[in-house]
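Quick notes on the structure that follows.
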Amino acid sequence: MPPTFNPGKSFIEIQFPVSKISKESYKERKSVQSQTLTSLGKWWGRKPLILCRAAILGLLFPATTNPVKDREIFLKLLTMDEEGLFHRKNKNIPLKELIHHLNPEEIEKWAITDEQDNVTDIKPNLTRDERNQIQRIVFSRLSYDKKLEYCNRPEQIEGPSNEAWKEINEYFGLNVKSLPELMTYLGQCRFGEIPLIGDCFCGGGNI
C-alpha cells in the first residue's frame with residue numbers, strides 16, 4: 001500500500017542523512033582525476049555530484065508519516081543502504097581484514113592456521129559461494145567509512161539493484177526502473193509538471 005504523505009513537506013525539510021552524504025562527498029573529492037564531469041571545465045565552487053543528487057532527490061521526495069521508512073527508501077535510492085553498498089562493492093577485502101572480523105567458529109570453518117593458531121590463509125577448497133559469503137559477512141561488520149574503501153561511488157554504477165527497485169516501487173505504488181524516471185514522476189506530482197532546475201553559476205555540469 002502506498003504511504004500516507006505529509007502534505008506539502010519534502011524529505012529534506014524533515015531529515016537528511018548528513019553524516020553519510022558527507023562521507024560519500026569526501027570519497028568523491030579524494031578521487032581527483034576520476035571525478036565525473038570535471039572535463040567540462042574547472043569551477044572552484046563545484047559541489048560533489050552525490051551532494052547535488054541527494055539534495056535534488058530530497059527536495060522532490062515527498063515526506064510521509066513514516067520518517068523511518070522514508071529514510072530507508074531514500075538511502076536505498078542513493079545505494080547508501082547496506083544492500084546498496086554491497087551492490088557497489090568492487091574490491092575484495094584482503095585476508096588481514098577478513099581475519100580481523102571473523103569469529104573463532106568462522107575461522108575454524110574457513111581458514112588455515114599454523115601451530116601457533118595464527119591464520120595463514122583461507123582454505124583453498126572453498127567454493128565461490130563460500131568465498132562470497134565470507135566477503136559479505138565481513139563487509140557487513142565494517143564501519144561505513146571502511147565499507148567505502150571497497151566500493152564504487154554512487155555515480156559509477158547504474159543505480160539501485162533490481163531487488164531494490166521492487167521495494168522502492170512497492171513503497172511509492174509505481175513501476176519505474178531508473179532515477180531519472182522516478183525524478184520525473186516525483187517532480188510532476190509535486191509541481192504538476194516536470195521541474196526545471198537552474199544552475200545559476202554554470203558549475204561543473206552536476207546540476
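Since this is a predicted model, take the numbers as computed values, not measurements. Values reported hereafter were calculated over all heavy atoms of this structure, with side chains retained and with hydrogens, waters and symmetry mates removed.
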Glu72: side-chain hydrogen bond (donor to acceptor under 3.5 Å, both in side chains) partners, not counting sequence neighbours: Lys69
Backbone N/O of Thr64 and side chain of Asp70: donor-acceptor pair under 3.5 Å: yes
All side-chain contact (heavy atoms from CB on, under 4.5 Å) counterparts of Glu193, not counting sequence neighbours: none
Pair Phe172 + Phe61: ring centers closer than 6.0 Å: yes
Partner set under side-chain contact (heavy atoms from CB on, under 4.5 Å) for Lys166, not counting sequence neighbours: Glu163
Any residue meeting side-chain hydrogen bond (donor to acceptor under 3.5 Å, both in side chains) with Lys109, in chain and number order, not counting sequence neighbours: none
Under-4.0 Å salt bridge between Arg53 and Glu155: no
Listed partners of Arg71 passing salt bridge (charged side-chain N to carboxylate O under 4.0 Å, His left out), at least two apart: none
Check ion pair Glu83-Arg136 (N to O, under 4.0 angstrom): yes
Residues in side-chain contact (heavy atoms from CB on, under 4.5 Å) contact with His100, at least two apart in sequence or another chain: none
side-chain hydrogen bond (donor to acceptor under 3.5 Å, both in side chains) partners of residues 172-186, not counting sequence neighbours, each pair once: none
Pairs satisfying ring-ring contact (aromatic ring centres under 6.0 Å, His included), at least one member in residues 103-123, at least two apart: none
Under 3.5 Å: donor-acceptor pair, side chain of Thr120, backbone of Ile112: yes
Partners passing side-chain contact (heavy atoms from CB on, under 4.5 Å) against Asn103 (at least two apart in sequence or in another chain): Glu105, Glu106, Arg141
Heavy-atom donor-acceptor pair, Gln135 side chain to Asn92 backbone, under 3.5 Å: no
Side-chain donor or acceptor of Lys147 paired with backbone N/O of Glu149 under 3.5 Å: no
Pairs where residues 12-24 contributes a residue and the test salt bridge (charged side-chain N to carboxylate O under 4.0 Å, His left out) is met, not counting sequence neighbours: Glu13-Arg190, Lys23-Asp145, Glu24-Arg88
Side chain Asn152, main chain Gln156, donor-acceptor under 3.5 Å: no
Pairing residues for Phe86 by the ring-ring contact (aromatic ring centres under 6.0 Å, His included) criterion, not counting sequence neighbours: Phe139
Sequence neighbours excluded - ring-ring contact (aromatic ring centres under 6.0 Å, His included) pairs with any residue from residues 114-136: none
